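For reference, the structure is listed below as structure tokens.
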Amino acid sequence: MEIMTEKIRKIAKEALSSNKVQMVIGWEKGDFSFESIPVFITDAEQADKLVLDAYCINNLSKYLMEQTQKYEKIGIFLKGCDSLGLNQLLKDHRIDREKVYVWGVPCNGMVDSKNNKYTKCETCLHPTPVVYDELLGEEITSEIDPEERFREVRILENMTADERYEFWSNELSRCIRCNACRNICPACSCVKCVFDNDDINVLGKANIAPENGFFHLTRAYHVAGNCVDCGECARICPAHIRLDLLNRKIIKDINETYGAWEAGLDSETPAPLVSYTLEDKDNFAVKKGGK
């Protein structure tokens, strides 16, 4: 990791000095040795802040939405899961690809200071970025069974309806409505969230179970088919709500209904829920209700 840290510092310094990019987004050390946090560098002399170690867990792609509005070109270091988020933002027309230079970082998984490894890393299918301008290091091939990421979802599916209700009631009761899950999600990229629209009063501010549930279910269905399964929503949640399980349940259902689908593999293929083919199982030509 020390060799890679020196490498990214040199790359960033050269890119900023030559004006190849006007900003570099990467990671720097936080207040603790087990903490690496996002950093935004515009001065080549500050490139020595950059690090690449086992704690660079943050998905940096979402920051491009704001920063590409300020600079002509931005350089960014992206891991495999981060690169899926970049593709989703491109597909949603939230950023301009021409304004981003991507240094791809092959990743063997990040370390949680409290556990051996982050849950999101244990089921990562793309340790090598799927999109980049320059790959820093050798490609890493995933040896994980794609179905393994649904193991915990199957446990929930095998519960009774009452047991599932109790599980999710307990999870969502801890929500403090901080919006961290929404703010970090690369698939949650609306310019203005419906929940922030005071004119229509979609949701109140009371921290009560029905409203918490409505918020999370609405958000989960809003990103259905676009969620890249990066796990950032669950990682960032201060209440440790397993939002990743909610999203993975929807991903599993989409795969079983429409065929294998993985968001973020490219920036052009439309998601199943916004596509229609004659081979779709549901026959839209047959009237099923209504007037």
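Everything numeric here is computed off the predicted structure, so don't read it as measured data.
- Side-chain N/O atoms of Thr123 and Arg248 include a donor and acceptor closer than 3.5 Å.
- Between Val39 and Ile25, every side-chain heavy-atom pair lies at or beyond the 4.5 Å cut-off.
- Using a 4.5 Å heavy-atom threshold, the side chains of Glu28 and Ile41 count as separate.
- Side-chain atoms of Thr160 and Asp162 form no donor-acceptor pair, as typed in the model, at a separation below 3.5 Å.
- At least one donor-acceptor pair under 3.5 Å links the side chain of Ser142 to the backbone N or O of Cys124.
- Using a 4.5 Å heavy-atom cutoff, the side chains of Ile11 and Trp103 are in contact.
- Between Phe77 and Trp27, the ring planes lie tilted relative to each other; the angle falls in the 30° to 60° range.
- Linking ILVMFWY residues whenever their side-chain heavy atoms come closer than 4.5 Å, directly or via other members, leaves Ile236 and Leu84 in distinct clusters.
- Applying the side-chain hydrogen bond (donor to acceptor under 3.5 Å, both in side chains) test to Trp168 and every residue at least two apart in sequence or in another chain returns nothing.
- At a threshold of 4.5 Å between non-hydrogen side-chain atoms, the residues His216 and Cys181 count as touching.
- A donor atom on one side chain and an acceptor atom on the other are found under 3.5 Å apart for Asp92 and Gln88.
- At distances below 3.5 Å, at least one donor-acceptor pair connects side-chain atoms of Lys62 with backbone N or O atoms of Cys188.
- You'll find the side chain of Cys81 stays beyond 4.5 Å of the side chain of Val228, heavy atoms only.
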task: Could you go through the salt bridge (Lys or Arg N to Asp or Glu O under 4.0 Å) check for Lys252 and Asp229 one step at a time?
output: CA-CA 11 Å; Lys252 181 174 179 290; Asp229 198 20; over 6 Å; no
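- A donor-acceptor pair shorter than 3.5 Å can be found between the side chains of Lys29 and Ser36.
- Classification of Glu152 and Arg242 as a salt-bridged pair holds, one side-chain N sitting under 4.0 Å from a carboxylate O.
- Tracing side-chain contacts under 4.5 Å through hydrophobic residues (I, L, V, M, F, W, Y), one reaches Leu60 starting from Val24; they form part of the same cluster.
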